[in-house]
Amino acid sequence: MEESKKKRNRYGGRAQGNQPSLDGSHDEPMPLPNPMVGFNLPGYLQPSVTRILPKQDTGPPFFYYENVAQAPKGVWATISRFLYDIQPEFVDSKHLCATARKRGYIHNLPIENRSPLLPVPPKTIFEAFPHYKKWWPSWDLRTQLNCLRTNIASAKLTERIGRALASSDSPPARSVQKYVMNECRKGNLVWIGKNKVAPLEPEEMEYLLGFPKDHTRGLGITERYKSLGNTFQVDTVAYHLSVLKVMFPNGVNVLSLFTGIGGGEVALHRLGIHMKAVVSVEIGKANKRIFRGWWDQTQTGTLIEIDDVKSLTDDRIVSFVSRFGGFDLVIGGSPCNNLAGCNRYNRDGLEGEQSALFYHYFRILNAVKSAMARM
DNA sequence: TGTAGCATGAAAACTCAT
DNA sequence: ATGAGTTTTCATGCTACA
């Protein structure tokens, strides 16, 4: 990590620098792009970015890091500083599917010749779920859903909405419309009957996020929502990972940190990239059960499961590197709990209890790099 | 001991006007 | 540039209950 003191072109020289921070901190401004389309997207005639990474950062291994885009001020500047000053790629999944998911990705993958997963997913609510047209009021102008989260709206709230509409004219007064639309947007509610709204089903979330049907089936419904709220949007991640296919025709060895329900692995699988071995670190019992179930049904490679990033010591990393001949991809999104805007209580930034595990991602990635450098 | 229901704002970006 | 209003957000902690 000392080597990073060499002055580099921070953020690839494309930082659209805005106002300097006035609070005396050294935080670099890290404005989110608008539209949030990353370096390039399929079907978008955007100014396609070219970037040249310093040789020591190009790998092997390739790495891929993910977290929420709308983190507290300074967080992304810090993450970027630790991950070799590489500019984050901010992408909102609404440009690839019917639901928003604003995320930042830092990786050292090539960004040319990417290809999207096929079939291309529907981009609007009605294309994804045509049957919702029946009860959708004309004054609800949403065409896409907001971010799928770990909690859903309560039955009490949907009842309140129903009562407000039932005791209103048709169409309802502007004030009622405003109240209803506000709650519908907050809770990602859809119209399932006359004056009746409801949250999405877990199965619908699986579909929007690019997972196979019933991927999370077998858990309690609360656990399903939690796991789905925390995962990757598969089409978005697969678009970035697609460049690996021609580079590794015989398959890849993957170190998967914070695996969750296996969004990264599902993306690789749907791309047709064989996984020779996956070392998966995931602490949640429910997530592990889902991922192991999917792996056993779809994969032939070796799966090694580890409970906690803290127990993945540098010694064990050395031994895995020697056993598998190195890792081709280190992938993971570290916990967002203390970064996410929804958190009322402990949104205390990158040093928060869970989000500080980012530093283990950094430690483990560096241990892999140095072990592979000695191969 | 585990699961589900429920209540609990604020930070930061965005829009749009001046 | 500045500012007011609007929109969005990978959630946590408590309680009831099996």
Side-chain angles (χ1 to χ4, degrees), chain A residues 16 18-23 27 29-36 65-77 90-94 99-105 141-142 144-160 174 177-189 199-200 202 205-206 208-211 216 218-234 236-237 258-264 282 284-287 332-350 352-355 357-358:
Chain A
Q16 344 171 331
N18 273 4
Q19 59 284 355
S21 55
L22 303 172
D23 55 2
D27 290 337
M30 181 77 74
L32 297 175
N34 187 5
M36 200 181 283
Y65 174 81
E66 179 261 9
N67 215 322
V68 294
Q70 298 178 167
K73 278 200 162 89
V75 166
W76 272 107
F90 292 105
V91 185
D92 188 339
S93 294
K94 76 176 183 182
T99 186
R101 212 166 183 77
K102 297 175 178 62
R103 296 295 181 269
Y105 306 89
L141 302 175
R142 290 176 297 163
Q144 293 188 301
L145 294 158
N146 279 336
C147 184
L148 306 184
R149 305 217 296 272
T150 59
N151 280 272
I152 60 165
S154 65
K156 212 161 213 168
L157 175 66
T158 58
E159 278 172 29
R160 271 203 298 273
R174 296 296 293 268
Q177 285 185 24
K178 189 169 178 180
Y179 161 71
V180 172
M181 284 314 304
N182 205 28
E183 296 300 335
C184 283
R185 275 195 265 260
K186 273 202 297 187
N188 260 338
L189 304 174
L200 292 173
M205 294 192 179
E206 289 166 352
L208 291 167
L209 291 167
F211 286 86
T216 59
L219 302 180
I221 192 162
T222 305
E223 280 185 318
R224 290 183 78 179
Y225 283 124
K226 184 174 180 186
S227 293
L228 288 163
N230 278 307
T231 194
F232 289 163
Q233 205 285 325
V234 170
T236 308
V237 171
F258 316 104
T259 302
I261 57 173
E282 169 58 44
K285 277 178 67 177
N287 284 339
S334 64
C336 72
N337 307 32
N338 313 113
L339 313 179
C342 297
N343 192 335
R344 310 269 213 274
Y345 302 99
N346 304 302
R347 195 188 185 190
D348 34 21
L350 203 54
E353 185 181 351
Q354 290 85 19
S355 294
L357 292 175
F358 159 75

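So that the names make sense, note that chain A is the first sequence line, chain B the second, and so on, each numbered from 1.
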Earlier contact from the 5' end, DNA chain B, for A:Gln70 and A:Arg344: A:Arg344
Around atom CD of A:Gln354, are there more than 12 heavy atoms from other residues, nucleotides or ligands closer than 6.0 Å? yes
Whole-Å gap separating P (B:dT3) and CZ (A:Arg224): 15 Å
Counting the atoms with a prime plus P, OP1 and OP2 as sugar-phosphate, which does A:Lys178 contact under 4.0 Å by heavy atoms, base, sugar-phosphate, or nothing? sugar-phosphate
Identify whether any heavy atom of A:Ile221 sits under 4.0 Å from a base atom; if not, whether one sits that close to sugar-phosphate; answer base, sugar-phosphate or nothing. sugar-phosphate
Are A:Lys186 and A:Glu183 ion-paired here, with the side-chain N under 4.0 Å from a carboxylate O? yes
Rounded to whole Å, how long is the line connecting atom CD of A:Glu183 with atom P of B:dT8? 13 Å
Are side-chain heavy atoms of A:Cys147 and A:Arg103 found at a separation under 4.5 Å? yes
By the 4.0 Å heavy-atom rule, please label A:Lys226 as base, sugar-phosphate, or nothing. nothing
Mind checking A:Cys147 for me? I need base, sugar-phosphate or nothing, with any heavy atom below 4.0 Å counting as a touch. sugar-phosphate
Please report, rounded to the nearest Å, how far the P atom of C:dT9 is from the CG atom of A:Leu32. 12 Å
Using Watson-Crick geometry (N1-N3 plus N6-O4 or O6-N4) or G-U wobble (N1-O2, O6-N3), each under 3.5 Å, C:dC10 is paired with none
Here's a test for you: under ring pair (Phe, Tyr, Trp, His ring centres under 6.0 Å), which of A:Trp76, A:Phe258, A:Tyr65 qualifies with A:Phe358? A:Tyr65
Counting N and O atoms only, with roles assigned by atom type, does the side chain of A:Asn343 sit under 3.5 Å from a partner on the main chain of A:Asn337, one being a donor and the other an acceptor? yes
When all nucleic acid strands are considered with a 4.0 Å heavy-atom cut-off, which category describes A:Arg103: base, sugar-phosphate, or nothing? base
N or O in side chain of A:Asn146 less than 4.0 angstrom from C:dT9 OP1/OP2: yes
Length of the CG-P vector between A:Asn338 and C:dT9, whole Å: 19 Å
Per nearest nucleotide of DNA chain B, the residue lying toward the 5' end, A:Arg347 or A:Arg160, is A:Arg160
Whole angstrom value for the distance that separates P of C:dG13 from CD of A:Glu353: 9 Å
Mind checking who B:dG9 pairs with, Watson-Crick or G-U wobble, both distances under 3.5 Å? none
Using a cut-off of less than 4.0 Å, is there contact between a side-chain N or O of A:Asn343 and OP1 or OP2 of C:dC10? no
Of all the choices, B:dA12, C:dC10, B:dA4, which nucleotide is nearest to the side chain of A:Thr222 once you look at every atom? B:dA4
Any base atoms under 4.0 Å from A:Ser334, or only sugar-phosphate, or nothing? Heavy atoms, all strands. base
Between C:dC10, C:dT7, C:dT12, which nucleotide has the shortest distance from any of its atoms to the side chain of A:Arg185? C:dT7
Check whether any side-chain N or O of A:Lys186 sits under 4.0 Å from OP1 or OP2 of C:dT9, and answer yes or no. no
Touch check for A:Asn346, heavy atoms < 4.0 angstrom, all strands: base, sugar-phosphate only, or nothing? sugar-phosphate
Please lay out, stage by stage, how A:Leu200 and A:Thr99 fare under the test side-chain contact (heavy atoms from CB on, under 4.5 Å). CA-CA 12 Å; A:Leu200 292 173; A:Thr99 186; over 6 Å; no
Measuring only between side-chain heavy atoms, which start at C-beta, is A:Met205 closer than 4.5 Å to A:Leu208? no
Can you tell which of C:dT9, B:dC14, C:dT12 lies closest to the side chain of A:Asn337? C:dT12
C:dT7 C1' sits how many Å from A:Asn182 CG, rounded? 8 Å
Please report, rounded to the nearest Å, how far the C1' atom of C:dC14 is from the CG atom of A:Asn151. 13 Å
For the C1' atoms, the ones on B:dG9 and on C:dT6, what distance do you get once it is rounded to whole angstrom? 16 Å
Atom-pair distance (CG on A:Leu148; P on C:dA11), nearest Å: 11 Å
Nearest-neighbour nucleotide for the A:Arg101 side chain, C:dC10, B:dA13, B:dC6 considered: C:dC10
